[in-house]
J.: 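Below is a structure I'd like to ask you about.
As the structure lists them, so they are numbered: ligands from 1, and atoms in each ligand from 1.
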Amino acid sequence: MSASHPVVAVYPGSFDPITRGHEDIVRRALHVADRLIVAVAHTATQSKSGLFSVDERLDLLREVFAGEDNVEACAFEGLLVEFARTRGVRFVIRGLRAVSDFEYELQMTQMNRELWPDMETIFLAPEVDYSFLSSSLVREVARLGGDIGRFVSPVVAERVRAKLKGE
Ligand code: PNS
């Protein structure tokens, strides 16, 4: 890291919705990068039944990281490598919660490397308290009436409640 050559990294994902685990990874990523682009993918590699539109997820990211000037939220279409290349970013951050994440993450990393060898993926482990947490479980718990207050920021919990009321 240096003032003249700031390190910029992209943290891609579905973020449907952003959890406290994602927030933890963002804060850890800022220990190795000067600036972080949290990038919501229009196309996720694994199929999932979603809750929020990409624009709604972006709004939530912007609210959660309001006041953090070195965190930018944006969306991208198509390949992650193309997005990163056009933004001139060579570092990708991914969270690794458990061994069960590893196979999928390694496969994506190797494919991305085939597509653009200059891009490096950096894996960060979240706080152990978040090692079980995923957006899909948050959606399921919320849909079944459980309390998600410990797993997401208050603004996210509120928006999930409102969304489910309208579903
Ligand atoms: O949070 P997720 O859903 O595990 O994130 C997966 C994501 C969005 C990082 C991955 O699906 C992705 O990079 N999608 C963009 C399309 C792409 O580049 N696909 C090829 C990946 S090898």
J.: Which atom pair, heavy atoms only, marks the closest approach of A157 to V152?
T.: N-CG2, 3.6 Å

J.: Less than 3.5 Å between some nitrogen or oxygen of E105 and one of ligand 1, yes or no?
T.: no

J.: In terms of side-chain geometry, is the basic nitrogen of R143 or E140 positioned less than 4.0 Å from the acidic oxygen of its partner?
T.: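 Looking at R143 and E140, the cut-off is not met.
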
J.: Nearest non-hydrogen contact with atom 20 (C) of ligand 1 belongs to which option: L115, V81, L79?
T.: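 The nearest heavy atom belongs to L79.
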
J.: Under 3.5 Å, is there a donor-acceptor pair between the side chain of R94 and the main chain of P12?
T.: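 Answer holds: yes.
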
J.: Using a 4.0 Å cutoff against the non-hydrogen atoms of T43, which atoms of ligand 1 qualify?
T.: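 Here the atoms of ligand 1 in question are 11 (O), 14 (N), 15 (C), 16 (C).
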
J.: Taking a cutoff of less than 4.0 Å between a non-hydrogen atom of the residue and any ligand atom, is R94 in contact with ligand 1?
T.: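 Yes; R94 lies near enough to ligand 1 that a heavy-atom distance drops under 4.0 Å.
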
J.: Of all the heavy atoms in Y104, does at least one lie under 4.0 Å from an atom in ligand 1?
T.: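 In this structure, Y104 qualifies as a contact of ligand 1 - some heavy atom is under 4.0 Å.
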
J.: Quick check on F15 - does any of its heavy atoms sit under 4.0 Å from an atom of ligand 1?
T.: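 Distance cut 4.0 Å: F15 fails for ligand 1.
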
J.: Would you say A41 has any N or O atom under 3.5 Å from an N or O of ligand 1, going by distance alone?
T.: no

J.: Which ligand 1 atoms does A44 reach within 4.0 Å, using its non-hydrogen atoms?
T.: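 Atoms satisfying the 4.0 Å criterion: 11 (O).
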
J.: Backbone N or O of E72 within a donor-acceptor pair of the R35 side chain at under 3.5 Å?
T.: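 Between the backbone of E72 and the side chain of R35 there is no qualifying donor-acceptor contact (under 3.5 Å).
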
J.: For N112, take its heavy atoms, then give the atoms of ligand 1 lying under 4.0 Å from any of them.
T.: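 This gives 21 (C), 22 (S) as the contact atoms.
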
J.: Answer with yes or no whether G78 contacts ligand 1, where contact means a heavy atom under 4.0 Å from a ligand atom.
T.: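 Distance cut 4.0 Å: G78 passes for ligand 1.
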
J.: V26 pairs by side-chain contact (heavy atoms from CB on, under 4.5 Å) with which of N70, L36, L124?
T.: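 Running side-chain contact (heavy atoms from CB on, under 4.5 Å) over N70, L36, L124 with V26 returns exactly one hit, L36.
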
J.: Whether E127 and R20 form a salt bridge (side-chain N of Lys/Arg under 4.0 Å from carboxylate O of Asp/Glu) is what I want to check.
T.: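 Salt bridge flag = no for E127 with R20.
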
J.: Going by distance only, is there an N or O of S14 that falls short of 3.5 Å from an N or O of ligand 1?
T.: yes

